[in-house]
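Read through the structure below, which is laid out as structure tokens, and then see the notes.
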Protein chains: 4
Amino acid sequence: MGGVSKLLFKSLNIDPEKEDRIVNAALKVFSQNGYQKASTNAIVKEAKISKGLLFHYFKSKKDLYLSLSEQLSDLFLEKIYERVDWEESDIFCVLRQIVLLKFELFKVYPEMTDFLNAVYQETDSEVAGEINRKKEKLIAESFRKLFANIDVNKFKESVDVQKSIKIIHWTFEGMGRRNQERYKEVPVDQLDKEEILSEIDAYIHILKQSFYK
Amino acid sequence: MGGVSKLLFKSLNIDPEKEDRIVNAALKVFSQNGYQKASTNAIVKEAKISKGLLFHYFKSKKDLYLSLSEQLSDLFLEKIYERVDWEESDIFCVLRQIVLLKFELFKVYPEMTDFLNAVYQETDSEVAGEINRKKEKLIAESFRKLFANIDVNKFKESVDVQKSIKIIHWTFEGMGRRNQERYKEVPVDQLDKEEILSEIDAYIHILKQSFYK
Amino acid sequence: MGGVSKLLFKSLNIDPEKEDRIVNAALKVFSQNGYQKASTNAIVKEAKISKGLLFHYFKSKKDLYLSLSEQLSDLFLEKIYERVDWEESDIFCVLRQIVLLKFELFKVYPEMTDFLNAVYQETDSEVAGEINRKKEKLIAESFRKLFANIDVNKFKESVDVQKSIKIIHWTFEGMGRRNQERYKEVPVDQLDKEEILSEIDAYIHILKQSFYK
Amino acid sequence: MGGVSKLLFKSLNIDPEKEDRIVNAALKVFSQNGYQKASTNAIVKEAKISKGLLFHYFKSKKDLYLSLSEQLSDLFLEKIYERVDWEESDIFCVLRQIVLLKFELFKVYPEMTDFLNAVYQETDSEVAGEINRKKEKLIAESFRKLFANIDVNKFKESVDVQKSIKIIHWTFEGMGRRNQERYKEVPVDQLDKEEILSEIDAYIHILKQSFYK
DNA sequence: TATGAATGAGCTTTCATTCAT
DNA sequence: TATGAATGAAAGCTCATTCAT
């Protein structure tokens, strides 16, 4: 890891190794405890910095949390955007690529992935509002990007394309949640990627039969 | 509401009217704040009882939270079980019935519904584990019940029935989440039930076309 | 002292001896340090109670400070009101009585007096506003009371009575401040009351010559 | 303003424009918050200098505060001294001149005046002692100067001159405090100088009648 | 001169829980 | 059953001051 954080807060001219410690400590403590229960004490202890320094860089716990969420969401999206082939006109191909990419990112940046998962489930009223606003914008944007080049003609004339796409989307979400649940305890590098992919392909097969000409 | 709580903790033989106050206060405070941020002070104030009494009935905040979750989950399931026609062999009919029933329950017991929704999104490490274990058991059980009488012969021979059922399930989940999001701010009694049902029926139509003979 | 505090917060049914400790600790710490610098830590340590208890009785440091100010101002006024002969029509007699009374109160309740002096000099923006509002009301009220029975006919026709009264008032204030300054370090019971009074009488003599017929 | 500060700390040979920024920032922050609550962070931010630089010039917050008080008190006195006609033998003429001058200084240097007012009301134990010692010295000195040329023969033989002068002094102080209170919210340039002066003259008239032959 | 990162003790306040009554 | 006084650890955050550069 490491590579994640080093670029995050270059605006604060801070010793990169120390930034790394702070970011990783925060990721760890926030993902394990959620926003409210995560204690700045735990973060500074883990990061081996003083109380004051944390609040020198981030004006509040909320600021730290939201900054991290934002920076990491952006980083995550960036990584996805730059490697997905957006010219592809088959929605299943695009979604399959994204699944693969999340896989890769999860391998390389497990803390980031854990943290972002926690962020998007956060319910604490102090931050959930802001998080949700960003989440919606992000989803809307990726949807636009995702379907910009989709070839609608591949769908049967008899089906409602919008609704079909919703079903496809929910199916991919469902598979994602299910795998996360299923492999929660499995270390990243022992995940059987092939097995997971072959299951996804099975679902893709069913959905194509249902909705494609 | 009232009707919900009166039967919940008969083992403690509390004055039913007081139990009612406690349960409603706890539901309100927990759903508005989440487990961690909810304060026992706020609960006793709302319930107009003393601090000591709360801890006389429930040995800790965690106990109160988990007891409530358990009792209300059970109550919820009970209500569903007793009114769904489990002899029905068409999975869509059963799911449609459940959607309708949730609707009814939401109207009659809005606090309970809010609370249970909050419970199943709770991420606090102190309770999430226990909650998740129960949730899984509950889902597994209802799945068994749900599919006990399903007539598999209605499905096309060419499709994988298990996977099709998953897709159906995820689609219903997806619709549920979407509606919740969409009608978050709308008071229960102003929801346009017909509109929602007609959308559900449209999805059922698509899924039937895809998976049924 | 003790006698001061025992009646202050009877609404909180608190052990009177403990209330006494809290009130005296707060008076001491607040008068020695001013509002801002006074630390609740110092107060609870001095009062030998736990941190939590202070905030059980008073919802904030500000609440504690303002409650004390209010209760003690009232107590102070009460003591003055009940012992000054308000039927007296000579303004100098009334003012002389008040000076004497302050003297007595200062002897009996030195902490209270110190505290109230500190309160009415407080400049901290968090409390000064509220304090000033009360101070003005209090001054207005005592002025009304003070001059209700004053016989204006005692004044020379040639002088502006309102302005004369102002001068008298400022002179008494000035003497008060001066004596406070002068005897700051002198223990209460060693103050030479006769000396102070004879000086006051000298001033009264001058003012009478100036303004009375 | 500007003009005030440029000469204050030449011993430190700072860039005058920077000194200006520091002095004005400190005046602003100290007068708005009092000694204790004023934060050096706020000062350096307002002055657009670094934390370290402030502590390079002033060895502590206390040093900064006391230096400013001292320099500005001196400056204030200097301005008064150089423009009052100390040959004048009528005490009322001299006092009237001083009132007018304070008026002028308040117009030209509002921050300085605010700051000095705040300084002489400061109660914080860390600085109040030192401030008071200076204040007393200053008052004693100005008294000496003030009464050096006063013609005692103007007073009636029958009155105690020392005490009369005290009354005069307290009356001027009282008027000052009252006007400050009364015109607290009024911008400097909208003060009705004539009105204030005519009131002062009315008091002077009364006092002359009382004490002068 | 000038910077601002770094410190850590200190602050007020909250909280679940206990216990004498 | 029922009360609410009492606890004290822990929370987020501030602050004057120092120091390597």
Side-chain angles (χ1 to χ4, degrees), chain A residues 12-15 18-19 22 36-44 48-65 126, chain B residues 12-15 18 35-45 48-65 126, chain C residues 12-15 18-19 22 36-44 48-65 126, chain D residues 12-15 18 35-45 48-65 126:
Chain A
L12 327 163
N13 76 331
I14 184 185
D15 170 21
K18 194 175 285 180
E19 181 191 311
I22 297 178
Q36 177 72 213
K37 209 179 180 182
S39 116
T40 52
N41 270 338
I43 294 172
V44 300
K48 283 167 192 161
I49 57 164
S50 73
K51 208 71 182 286
L53 190 56
L54 187 68
F55 289 92
H56 181 67
Y57 287 125
F58 302 93
K59 76 177 205 293
S60 64
K61 182 184 173 183
K62 187 176 173 180
D63 180 34
L64 168 61
Y65 185 80
E126 210 164 331
Chain B
L12 304 172
N13 75 322
I14 322 179
D15 167 28
K18 196 174 282 178
Y35 173 72
Q36 178 71 211
K37 217 178 179 179
S39 115
T40 52
N41 257 340
I43 294 172
V44 300
K45 205 171 166 184
K48 285 165 191 163
I49 57 162
S50 74
K51 208 76 188 287
L53 193 56
L54 185 69
F55 284 90
H56 177 70
Y57 287 129
F58 302 93
K59 75 177 209 289
S60 67
K61 183 185 174 183
K62 188 176 172 181
D63 179 34
L64 168 62
Y65 186 79
E126 207 165 332
Chain C
L12 327 163
N13 76 330
I14 184 184
D15 171 22
K18 195 175 283 179
E19 180 192 310
I22 297 178
Q36 177 71 213
K37 209 180 180 181
S39 116
T40 53
N41 269 339
I43 294 172
V44 300
K48 283 166 192 159
I49 56 164
S50 73
K51 210 69 183 289
L53 189 57
L54 187 67
F55 288 91
H56 180 66
Y57 288 126
F58 302 93
K59 72 178 207 293
S60 66
K61 183 184 174 184
K62 187 176 173 181
D63 179 35
L64 168 62
Y65 186 80
E126 207 165 332
Chain D
L12 304 171
N13 76 323
I14 322 179
D15 168 28
K18 196 175 282 180
Y35 173 71
Q36 177 71 214
K37 216 177 179 179
S39 116
T40 52
N41 257 339
I43 295 171
V44 300
K45 204 171 167 185
K48 283 165 193 164
I49 57 162
S50 73
K51 208 77 186 287
L53 194 54
L54 185 69
F55 285 89
H56 178 70
Y57 288 129
F58 302 93
K59 75 176 209 288
S60 68
K61 183 184 175 184
K62 187 176 172 180
D63 179 34
L64 168 62
Y65 185 80
E126 208 165 331

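All values below were derived from every heavy atom in this structure, side-chain atoms included, with hydrogens, water molecules and symmetry-related copies excluded. As the structure is a prediction and not an experimental result, all values here were calculated from the model.
B:Thr40 has a side-chain polar atom (N or O) that falls below the 4.0 Å cut-off from OP1 or OP2 of E:dA16.
Counting heavy atoms from C-beta on, the side chains of D:Leu53 and D:His56 come closer than 4.5 Å. Taking the side chain as every heavy atom from C-beta outward, C:Thr40 and C:Leu64 never approach each other to under 4.5 Å.
Looking at A:Lys61, its side chain does come within 3.5 Å of a backbone N or O of A:Gln36 through a donor-acceptor pair.
The distance from atom CD1 of A:Ile14 to atom P of E:dT7 is 11 Å, rounded to the nearest whole Å. Atom CG of D:Asp63 is separated from atom P of F:dA16 by 14 Å (rounded to the nearest Å). Straight-line distance from the OH atom of A:Tyr65 to the P atom of F:dG12: 14 Å, rounded to whole Å. One interatomic measurement links the two molecules: CD1 of D:Ile43 to P of F:dC15, which rounds to 11 Å at whole-angstrom precision. Note: CZ (C:Phe58) to P (F:dA5) measures 12 Å, nearest angstrom. Rounded to whole angstrom, the span from the NZ atom of D:Lys62 across to the P atom of F:dT17 amounts to 10 Å. We find that NZ of D:Lys45 is positioned 11 Å from P of F:dC15, with the value rounded to whole Å. One can place CZ of C:Phe55 at 13 Å from C1' of F:dA11, the figure rounded to the nearest angstrom.
Where C:Gln36 and A:Asp15 each meet DNA chain E at their nearest nucleotide, the meeting point lying more 5' is that of A:Asp15. If A:Ala42 and B:Tyr57 are placed on DNA chain F by their nearest nucleotide, the residue sitting closer to the 5' end is B:Tyr57.
B:Ala38 comes within 4.0 angstrom of sugar-phosphate atoms only, judged by non-hydrogen atoms across all strands, and of no base.
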List, with names and distances, any nitrogen or oxygen atoms from the protein found under 3.5 Å away from nitrogen or oxygen atoms belonging to nucleotides 7-10 of chain F.
unit_1: F:dT7; atom_1: OP2; unit_2: C:Ser50; atom_2: N; d: 3.0
unit_1: F:dT7; atom_1: OP2; unit_2: C:Ser50; atom_2: OG; d: 3.0
unit_1: F:dG8; atom_1: N7; unit_2: C:Gly52; atom_2: N; d: 3.3

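Here the CD1-CG distance, from C:Ile22 to C:Leu54, works out to 6.5 Å after rounding to the nearest 0.5 Å. With values rounded to the nearest 0.5 angstrom, B:Ile14 atom CD1 is found 4.5 Å from B:Tyr57 atom OH.
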message = Let me check I have this right: for DNA chain F, each base becomes ., (, ), [, ] or |, based on Watson-Crick or G-U pairs with both distances under 3.5 Å. What is the full string?
response = .||||||||||||||||||||

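For the residue pair B:Glu126 and B:Lys62, the shortest heavy atom distance occurs at O-CE, 3.3 Å. Counting all heavy atoms, side chain and backbone alike, B:Phe58 lies closest to B:Asp63 at CA-OD2, 3.4 Å.
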